[in-house]
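One-based numbering along the sequence shown. One-based numbering, in listed order, for ligands and for the atoms of each. Values below: every heavy atom of this structure, side chains too, minus hydrogens, waters and symmetry copies.
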Amino acid sequence: MFKFASLLGIASLAFGQGISSDKLQKFEDVLALSDSFDPIQAAYWTGLPHHRRTPFAVSPDGTTAFLAYLNSKKSAVVVQQVDPSSFKAIGDAVNVSGYEAGGLVAHNDGFALLTKTDATGSSNLPTDNTPVATLVRYTNGAASWSTELNGASSFGAGQMGRTATPDINGDLVYSESAGLYGAYYVVTAYDGDASGHYGDAISYVSDKGERKDDTVGTNAWGCSHNTGIAFEEADEAPFASVCAEDHGSIWLNTDTRGMSGIKIAGENTTNGVSGEPMGGMSGSYSNLARLGTSGAYMFAWQSRGCVNLKQDDWMGAGFTQCDPRWLNHNVAVAPLSSKNALVGNEAISEVGAAEGDKQVIWITEDEDTDHQNVRVAAFDESNVLVTYEIISNPTCEPVPLSCSGTFSGTGFQLVSSSGATQGSALTDTDVTVSGDIAKMADGRLCWPYVKQAWDLSAPKDSGTATSKMSFACISLDGPTSASSSSSGNASSAV
Ligand SMILES: *[C@@H]1O[C@H](CO)[C@@H](O)[C@H](O)[C@H]1NC(C)=O
Ligand SMILES: *[C@@H]1O[C@H](CO)[C@@H](O)[C@H](O)[C@H]1NC(C)=O
Ligand SMILES: *[C@@H]1O[C@H](CO)[C@@H](O)[C@H](O)[C@H]1NC(C)=O
């Protein structure tokens with residue numbers, strides 16, 4: 001078996017560097033959790049099972065890694081420091097009051113967590129006790145500050161209204177050079193012009209925990225019914241942002257924040273549903289990756305294509321809607337030359353055009369296989385990993401744009417900085433991606449997952465609570481000696 005894996009490695013080298021099975025390492029059930037974790041969260045609208053996100057992050061010096069997860073009682077977010085080589089626990093976990101593990105940044109001396117909490121204060125609070133988005137910082141194991149991002153103090157309260165956050169479905173990033181955290185998250189307004197509606201907001205917070213609402217890029221109300229957020233740090237604000245809205249487009253909206261800007265793609269949508277281009281409920285992580293320290297990025301998503309363009313009467317002139325090319329989803333990427341520019345052309349918005357997806361770079365282009373849970377991470381400035389789940393014999397519903405079927409493995413495809421596939425994809429049936437893909441100090445890309453039978457055949461709103469977390473890693477050069485203590489072995493990955 002081992003010889004076979006090595007031969008595969010040599011063969012893929014000969015055809016250009018791809019991801020061969022010996023480059024995938026599994027650390028099954030390696031981390032004992034201090035509390036239990038329910039690995040499933042039901043998707044908005046369909047109730048189909050989604051991975052409940054377990055954010056994972058590594059500090060700039062590479063020595064400190066943290067995993068965050070919501071406990072199964074849904075009363076606290078547990079943040080556990082782990083060894084970046086063995087993935088075993090280091091020290092006691094911290095229990096942070098909160099209801100969602102919505103994003104995590106690792107520092108050399110601790111972490112920052114985006115969660116949702118009960119609002120504090122006595123006036124202008126959210127109705128029905130809806131929580132607010134909160135950023136919490138821990139330094140050397142102790143809480144150093146906690147900053148509410150919306151609720152009574154919502155930015156833009158006077159116009160669109162104050163907002164609460166029933167589900168974050170967003171992301172937290174940190175820019176060392178800007179000295180700023182940025183959070184992009186889902187909101188619903190409980191007063192003001194937008195009362196009762198859903199949108200998204202962007203907040204910036206300083207190293208000291210001060211909200212920096214005067215930062216360019218701060219936003220009260222962006223994309224309608226956005227359950228698809230992609231966010232990545234930049235050297236200065238505004239950070240790179242992408243939104244999928246329910247009117248028919250995915251926007252690179254770094255400069256506009258709203259349902260406008262550079263149109264990455266047209267997508268078939270319906271009122272209140274943008275589809276799940278960035279994973280939908282509990283998704284919105286590892287969809288936009290900065291390529292090393294360059295200013296370039298890669299965006300990856302699941303798309304149904306876009307044909308038969310028609311005028312969007314509600315948005316007005318210059319905005320279009322479309323029909324799906326397929327009812328199943330394929331994997332697409334869009335390289336960005338900077339935080340606010342695409343390498344290729346933007347999508348057209350030409351009423352009457354037969355095809356509106358000619359600009360898309362397809363990683364898969366199947367008519368009878370579905371692809372979901374698309375993630376992307378960069379090894380360096382020229383090698384990018386795209387991952388996705390493969391669903392065979394899918395049943396795909398026109399509305400609400402989703403598919404169920406037989407989970408047939410996770411695909412791992414290496415692409416270049418221009419989105420060109422390098423070698424063929426590796427498929428593995430044991431590993432999924434259910435938390436952020438982090439770059440390790442030794443160059444590997446690693447992420448957490450729960451070892452379980454992954455069933456995408458029917459709605460499911462909870463899973464079997466687990467007290468173990470697994471990790472998997474992919475290296476460009478094959479396994480490194482640092483991690484040969486793996487409980488799995490390379491030859492078992494087919
Ligand atoms: C966190 O919660 C777990 C489970 O309830 C508990 O066992 C542990 O002692 C708590 N940790 C701290 C530091 O309070
Ligand atoms: C989405 O596609 C369906 C056809 O599958 C079409 O009936 C519907 O109008 C499209 N939605 C939009 C917003 O164009
Ligand atoms: C590696 O995996 C194979 C297949 O599962 C198994 O037969 C073999 O015993 C494993 N080897 C080690 C060293 O764990």
Considering only the protein, which heavy-atom contact is closest to atom 7 (O) of ligand 1, and what is its distance? Ser34 O, 4.4 Å
Numbered in order shown, the ligand 1 atoms found under 4.0 Å of a heavy atom of Ala93 are 13 (C)
Students should be able to answer this: which protein heavy-atom is nearest to atom 2 (O) of ligand 2, and at what distance? Asn268 ND2, 2.4 Å
What do you reckon, does Cys322 put a non-hydrogen atom under 4.0 Å from ligand 2? yes
Is the contact between Lys310 and ligand 2 made by the side chain, the backbone, both, or neither, using heavy atoms and a 4.0 Å cut-off? side chain
Any non-hydrogen atom of Pro324 lying under 4.0 Å from ligand 2? yes
Charged N-O contact under 4.0 Å between Asp200 and Arg257: no
Considering only non-hydrogen protein atoms, determine which one is nearest to atom 13 (C) of ligand 2 and report residue, atom name and distance to 0.1 Å. Thr269 O, 3.3 Å
Nearest neighbour in protein (non-hydrogen) for atom 6 (C) of ligand 2: Asp323 OD1, 3.4 Å
At less than 4.0 angstrom from any non-hydrogen atom of Asp35, what atoms of ligand 1 do you find? 4 (C), 5 (O)
Does the pair Asp171/Arg53 count as a salt bridge with the N-to-O cut at 4.0 Å? yes
Backbone or side chain, does any N or O of Asn95 fall under 3.5 Å from an N or O of ligand 1? yes
Any Lys/Arg nitrogen of Arg137 or Asp109 sitting under 4.0 Å from an Asp/Glu carboxylate oxygen of the other? yes
Does a side-chain N-to-carboxylate-O contact under 4.0 Å join Asp167 and Lys116? yes
So for atom NZ, which belongs to Lys358, do other residues, nucleotides or ligands contribute more than 12 heavy atoms lying within a distance under 6.0 Å? no
Please determine if Arg375 forms a cation-pi arrangement with Tyr285, meaning its NZ or CZ atom is less than 6.0 Å from the six-membered ring centre and no more than 45° off the ring axis. yes
Asp92 atom CG, neighbour heavy-atom count above 12 within 6.0 Å: no
